[in-house]
Amino acid sequence: MKNLPIGLQFLSEFSETNSVYVDKTQLVHQLVTTGKYYFLSRPRRFGKSLLVSTLKELFEGNQILFQDLWIEPHWDWAQKNPVVHISFAQWDFEELNLSAAILEALDSIAQSKGIVLTKKTVKSRFYELLQAVYQQAGQVVLLIDEYDKPIVHYLEDNQLKKAIANRKIFKNFYSVLPDAGKILKFVFITGVSKFTKVSIFSDLNHLRDITLDENYAAIAGYTQSELEHYFGSYLQVIEDKRDISRDKLLFQIKRWYNGYSWDGETSVYNPFGTITFLHKRAFGNYWFATGTPAFLLEQMKKQGQFKIEKLKVNSDFFEKYDLENIEINQLLFQTGYLTVQARDPLTDEYWLDIPNQEVHNSLYQFLMTELTRRSQRPNSGMTI
């Protein structure tokens with residue numbers, strides 16, 4: 001059996017470690033051949049970084065990494081483009097201020113390409129880098145992973161000023177993109193949240209948000225057929241050891257880790273929870289345990305809002321995400337604790353609910369603890 005891809009975020013790691021790669025390259029091909037500017041929002045540990053890595057290797061023409069994948073015979077491997085890959089999760093914005101971290105990272109990218117940057121400001125140095133790479137090797141592929149990390153990291157009430165300050169820096173940073181149209185071949189940006197008042201969304205009007213696009217509903221996470229096809233040997237091991245039928249096993253895995261949807265039609269498994277289950281062969285709250293955002297739980301306690309199931313919203317719900325007025329249900333959706341259960345395309349209304357048993361158990365364990373604490377306080381009020 002191939003190894004389980006636990007913790008892998010780069011395409012090259014899969015061949016190096018002989019790990020299972022769930023082939024999403026047909027959707028990747030559709031993405032890169034039908035548009036130029038994209039934004040995708042998905043919760044943490046849902047495969048965004050791996051998707052970005054796949055795009056990087058594709059445009060750089062590393063054909064050997066795509067051997068036996070769908071895209072290999074469908075791509076012109078002789079055509080290559082230079083890639084500028086920015087991952088805010090890897091930048092030292094905590095120790096440095098965000099502007100200093102960006103300048104340092106841009107210098108590092110430039111150095112790796114034999115380029116020396118001289119501009120002093122974030123905006124001018126970013127444009128200088130893109131222009132230099134373009135002059136060196138042709139149109140640039142720009143990949144930005146976790147663009148909102150330096151904002152999301154500071155959402156707690158006592159740090160919100162830092163988040164707002166970082167948003168202002170980002171507005172300046174991303175304002176380069178509309179003026180770099182001829183330089184850029186392809187742009188793909190990922191994040192957890194789609195913050196309003198960030199220049200990337202207000203100035204780049206033709207940025208295509210595929211978060212709720214039914215054509216890309218399965219671009220991250222595992223579908224039912226992918227689970228059974230790529231991990232069938234692991235399912236067989238569990239069946240033999242637990243003396244359980246395939247149907248019963250699949251029913252339980254689906255109940256625990258499936259249920260995520262962004263179009264109300266296509267349902268996918270949480271990849272981290274699913275893989276960890278296949279490794280440990282026991283059900284558990286693996287995704288929740290990797291780091292539930294403290295600001296989310298704090299906001300739930302602060303607002304005293306604990307009714308989080310079966311919510312009805314319209315499409316505006318997904319567009320109005322503002323730091324100065326954070327709404328708890330939007331936080332829950334953006335971070336993966338609520339998902340689209342159904343959608344009415346005629347009225348453009350969505351029904352949101354908790355996706356699966358793992359999230360249900362974890363959230364309600366927290367909520368029951370908080371309710372118990374509040375019941376022990378005099379004059380405690382709450383919304384249920």
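What you see is a predicted model; the values in this text were computed from it and never measured.
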Q | Test: K194 and D148 ion pair at under 4.0 Å | A | no
Applying side-chain contact (heavy atoms from CB on, under 4.5 Å) to P150 and not counting sequence neighbours gives F88, F93, L98, N166, F170
Ring-plane angle category for F14 and Y21, please: parallel below 30°, perpendicular beyond 60°, tilted otherwise. perpendicular
Look at the rings of W75 and H29 and say which category their plane angle falls in: under 30° parallel, 30 to 60° tilted, over 60° perpendicular. perpendicular
One should read off an interatomic distance between I164 CD1 and I169 CD1, to the nearest 0.5 angstrom, of 12.5 Å
(request) For S12 and L65, run side-chain contact (heavy atoms from CB on, under 4.5 Å): C-alpha distance rounded to whole Å, both residues' side-chain angles, the deciding distance at 0.1 Å, then the answer. (result) CA-CA 7 Å; S12 58; L65 298 179; 4.3 Å; yes
Output for pair (R208 CZ, K36 NZ), nearest 0.5 Å, gives 15.0 Å
| message | For the residue pair T17 / N3, report whether a side-chain donor-acceptor contact shorter than 3.5 Å exists. | response | no
Would W262 and F46 count as a close aromatic pair, with their ring centres under 6.0 Å?
yes
For this session: Given side-chain contact (heavy atoms from CB on, under 4.5 Å), test R42 with V192 step by step and report yes or no.
Result: CA-CA 5 Å; R42 286 293 185 269; V192 170; over 6 Å; no
Full working for side chain to side chain donor-acceptor pair (under 3.5 Å) between D213 and T211: CA-CA 6 Å; D213 191 328; T211 298; over 6 Å; no
| request: Run the ring-centre check on Y286 versus F277 and record whether the distance is less than 6.0 Å. | output: no
Item to complete: Could you verify whether a donor N or O on one side chain and an acceptor N or O on the other, from D23 and T25, lie under 3.5 Å apart?
Response: yes
Residue pairs meeting ring pair (Phe, Tyr, Trp, His ring centres under 6.0 Å), one or both in residues 231-251, sequence neighbours left out, come to Y222-F231
Handout entry: Donor-acceptor pair between E128 and T118 side chains, under 3.5 angstrom
Key = yes
Open item on the list: Less than 3.5 Å apart, any donor N or O on the side chain of Q224 or E228 sitting next to an acceptor on the other?
Closed with: yes
query: So do I219 and L51 actually touch side chain to side chain, heavy atoms under 4.5 Å?
result: yes
Could you tell me whether H279 atom NE2 has more than 12 heavy atoms of other residues or ligands within 6.0 Å of it?
-> no
side-chain contact (heavy atoms from CB on, under 4.5 Å) for D353 and L311? Distances and angles first, verdict last. CA-CA 6 Å; D353 206 348; L311 304 174; over 6 Å; no
> Does a side chain donor of either Q236 or D240 reach within less than 3.5 Å of an acceptor in the other side chain?
Replying inline: yes
Smallest heavy-atom separation, G259 atom then T339 atom, equals O-CG2, 3.1 Å
Checking I109, L143, V52 against I86 for side chain to side chain contact (heavy atoms under 4.5 Å, CB included), the one that qualifies is I109
key: Over 12 non-hydrogen atoms of neighbours within 6.0 angstrom of OH in Y37   = yes
Distance col, row K149:NZ vs S193:OG, nearest 0.5 angstrom, shows 11.0 Å
To the nearest 0.5 Å, atom CG of L40 lies from atom CD1 of I210 at 5.0 Å
Separation between CZ (F126) and OG (S175), nearest 0.5 Å, reads 9.5 Å
Interatomic distance, CG@D107 vs OG@S112, rounded to 0.5 Å, equals 11.0 Å
**Request:** Mark yes when over 12 heavy atoms from residues, nucleotides or ligands other than Q111 sit less than 6.0 Å from its CD; otherwise mark no.
**Result:** no
- May I ask you to establish whether R45 and F272 are in a cation-pi arrangement, using a distance under 6.0 Å from NZ or CZ to the six-membered ring centre and at most 45° from the ring axis? yes
Would the number of heavy atoms belonging to other residues, nucleotides or ligands and lying under 6.0 Å from CD of E265 be above 12? no
### Query
Do W351 and L363 belong to the same hydrophobic cluster, where Ile, Leu, Val, Met, Phe, Trp and Tyr are linked whenever their side-chain heavy atoms lie under 4.5 Å apart, directly or via other members?
no
*Decide salt bridge (Lys or Arg N to Asp or Glu O under 4.0 Å) for E226 and K24; before the verdict, give the C-alpha distance in whole Å, the side-chain angles of both, and the deciding distance to 0.1 Å.*
CA-CA 10 Å; E226 287 170 343; K24 301 284 188 179; 2.8 Å; yes
Review point. Looking just at side-chain N and O atoms, do Y350 and R343 make a donor-acceptor pair shorter than 3.5 Å?
Key: yes
Parallel, tilted or perpendicular: rings of Y337 and W287 (30°, 60°): tilted
| request: Establish, yes or no, whether a centroid distance under 6.0 Å links the rings of F39 and F188. | output: no
Checklist line | E146/K48 salt bridge by N-O under 4.0 Å criterion | finding: no
- May I ask you to test the K312-E349 pair for a side-chain heavy-atom distance under 4.5 Å? yes
